[in-house]
Protein chains: 2
Amino acid sequence: MVTAELHDIASARLRTTGQRYTTRRRALVEVLDQADGPLTIPQILELDRSLAQSSAYRNLAVLEQADVVHRIVTNDDFARYELAEDLTEHHHHLICRTCGSVADFTLDPSVEGDLDRVLADVADAQSFQADHHRLDLVGTCADCR
Amino acid sequence: MVTAELHDIASARLRTTGQRYTTRRRALVEVLDQADGPLTIPQILELDRSLAQSSAYRNLAVLEQADVVHRIVTNDDFARYELAEDLTEHHHHLICRTCGSVADFTLDPSVEGDLDRVLADVADAQSFQADHHRLDLVGTCADCR
DNA sequence: GCGTGAATGAGAACAGTTCTCGGTTCAGCC
DNA sequence: GGCTGAACCGAGAACTGTTCTCATTCACGC
């Protein structure tokens, strides 16, 4: 997605919840857009030194509520943030148990389709209203091997 | 798995790390064995009032290090604990975004096999040493619909 | 420019988790 | 059975990622 378009969508989604798309919030979206995986707050602050910690937490919460960003938590100490899937593409995570890093990967659409069908059956059987699935691969990243 | 056998294995695994399989640790394993999904510390303490919070945290950490229990974290406030997969069976989680509850479900072995093959390819391509995969279904549970 | 309400950032507060420490229990040895 | 030292226990303090507070600043409509 083109960055300008990304900002337009983010702006529109914030407006529908009565929020402004401010400089700081734009900066957060930009940092997340340039990353190739979910980032922790310390990583975000490191990448844009102009951001204050408390504001970063608050603004990421606002952006999450507007469905612009998505918060994920691993066994790592910090939560991680990434752009909402409909702003990027459906993907999964390679989670390193040694250093805690998280990288993205995608599956073949046909595999995703099969998976969705199977999971829909499971959800039906349990009267569970499924919103989305989450598939992670846990192990050791190339750097830590 | 028969409970007696479960305790034998737990005991053996703790011994290899120089730890004892004490009454409190046995109680934790028993509570987790009887649950039909991962439990939070408050839930565990509720189910066995004889357990002290600080000891529960410590002993669950010990049991995790001995690969007897497994710690998972969701977007909920509390971490959750379940028995290690090789003491139960390979399964996945239905995670309710409303109440935070987590229930188990299993997939057809053939689907699991397909998934494993696809994921093995992904891991190879990225020089990632995969240990296991994790597949969750996020949505709304029957009670919260 | 002015007024008003949202946004900001520094630091306090909060809460889940971990650590400390004095007392207790257990395994191994005699 | 009694001794001894190490492991374990529980209550509370400490720690730390996150959230909240509040005085100040900023953005937008007039």
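Letters go in sequence order (proteins before strands), and every chain restarts at 1.
- Within the 4.0 Å cut-off from OP1 or OP2 of C:dT8, at least one side-chain nitrogen or oxygen of A:Asn59 is found.
- In this structure, A:Gln19 reaches the C:dA7 phosphate: one of its side-chain N or O atoms is under 4.0 Å from OP1 or OP2.
- The aromatic rings of B:His92 and B:Phe105 sit tilted relative to each other, their planes meeting at an angle between 30° and 60°.
- A:Gln53 has its CD atom 8 Å from the C1' atom of D:dG17, to the nearest Å.
- Look at CG on A:Leu28: it is 13 Å from C1' on C:dA7, rounded to the nearest Å.
- Look at CZ on B:Arg58: it is 7 Å from C1' on D:dC8, rounded to the nearest Å.
- Using a 4.0 Å heavy-atom distance criterion, B:Arg24 is classed as a sugar-phosphate-only contact.
- If you look at B:Tyr81 and B:His70, their ring centroids are not closer than 6.0 Å.
- Listed pair B:Ser55 / D:dG10 meets the phosphate criterion, a side-chain N or O lying under 4.0 Å from OP1 or OP2.
- Within 4.0 Å (heavy atoms only), A:Tyr57 reaches at least one base atom of the nucleic acid.
- Nucleic acid contact for A:Arg25: sugar-phosphate only, since backbone atoms but no base atoms lie under 4.0 Å from a heavy atom of the residue.
- Across all strands shown, B:Arg15 has no heavy atoms under 4.0 Å from either base or sugar-phosphate atoms.
- Regarding B:Gln65, its CD atom lies at a distance of 12 Å from the P atom of D:dC8, rounded to whole Å.
- By the criterion of side-chain heavy atoms lying less than 4.5 angstrom apart, applied directly or through intervening Ile, Leu, Val, Met, Phe, Trp or Tyr residues, B:Leu137 is grouped together with B:Leu119 in one hydrophobic cluster.
- Rounded to whole Å, the distance from CG on A:Asn75 to C1' on C:dT17 is 14 Å.
- Within 4.0 Å of B:Ala61, counting heavy atoms only, lies no atom of the nucleic acid at all.
- For the pair A:Thr23 and B:Pro42, both in contact range of DNA chain C, the more 5′-proximal nearest nucleotide belongs to A:Thr23.
- What separates CG of B:Asp76 from P of C:dA15 is a distance of 15 Å, to the nearest Å.
- The separation between A:Arg49 atom CZ and C:dG9 atom C1' is 17 Å, rounded to whole Å.
- Taken to the nearest 0.5 Å, the OG1 atom of A:Thr22 stands 5.5 Å off from the CG atom of A:Asn59.
- The interatomic distance linking A:Tyr21 (OH) with D:dA27 (C1') rounds to 17 Å, in whole Å.
- Residue-to-nucleotide contacts include no donor-acceptor pair under 3.5 Å from the side chain of A:Thr22 to the base of C:dA7.
- Under a 4.0 Å N-O distance rule, the pair B:Arg80/B:Asp76 qualifies as a salt bridge.
- Where B:Ala52 and B:Gly18 meet DNA chain D, the nucleotide closest to each residue was compared, and B:Gly18 sits on the side nearer the 5' end.
- In the set C:dG5, D:dT18, C:dA27, the nucleotide with an atom closest to the side chain of A:Arg20 is C:dG5.
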